[in-house]
Amino acid sequence: MNQPLDASTPSPTAGPEPAPSAALHRRCPAAAAKDPTPCEGPHDAATIVDRHGREVAGCVQHCARLLAGLEGARVHPFVPANQALEVYSRARELPPFAWEIGR
């Protein structure tokens with residue numbers, strides 16, 4: 001049930017600059033590669049910390065989905081309360097790796 005956080009993102013200097021339309025569809029770092037759901041809101045709305053102390057920021061939608069699948073994870077304490085509560089509330093309603101069963 002543990003999913004490692006992979007906060008590695010491509011270097012902004014690696015490769016050509018993405019087209020403006022591609023930049024609009026880029027997903028937050030918390031989105032799992034196989035999760036088809038779109039981001040909701042800012043890509044840095046919340047930060048999830050796994051039990052090893054690794055952090056990844058993301059939108060509320062993907063942080064909730066990530067939190068549901070990480071044992072011992074939590075929302076970073078400096079995330080605003082309303083966003084943290086939204087992440088916890090959504091995560092509570094989701095099974096781990098919800099995208100694998102179509103949720």
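Annotation for Asp35 and Arg27: closest pair O-NH2, 2.6 Å, computed over non-hydrogen atoms. Closest non-hydrogen pair, Ala30 versus Gly58, comes out as CB-CA, 3.8 Å. Considering all non-hydrogen atoms of both residues, Cys39 and Cys28 come closest at SG-N, 3.2 Å. The heavy-atom pair separating Val87 from Ala64 by the smallest distance is O-CB, 3.6 Å. Smallest separation of non-hydrogen atoms from Val79 and Ala45: CG1-O, 3.8 Å. The minimum heavy-atom distance between Ala91 and Ala68, with the atom names listed, is O-CB, 3.8 Å.
Pairs passing the ring pair (Phe, Tyr, Trp, His ring centres under 6.0 Å) check and including a residue from residues 32-65, sequence neighbours excluded, do not occur.
Looking at His76 and Ile48, their side chains never come closer than 4.5 Å, going by heavy atoms from C-beta outward.
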With side chain to side chain contact (heavy atoms under 4.5 Å, CB included) as the criterion, how do Leu70 and Arg51 come out once you've worked through the C-alpha distance, each side chain's angles and the decisive distance to 0.1 Å?
CA-CA 8 Å; Leu70 285 176; Arg51 64 179 162 183; over 6 Å; no
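With sequence neighbours excluded, the residues satisfying side-chain contact (heavy atoms from CB on, under 4.5 Å) with Pro80 are Asn82, Gln83.
Asp50 CG to Leu66 CG: the interatomic distance, rounded to the nearest 0.5 Å, is 8.5 Å.
Remark: side-chain polar atoms of Tyr88 are not paired, donor with acceptor, to backbone N or O of Arg74 under 3.5 angstrom.
With respect to Val60, the side chain to side chain contact (heavy atoms under 4.5 Å, CB included) criterion is satisfied by exactly one of Arg65, Glu40, Glu86: Glu86.
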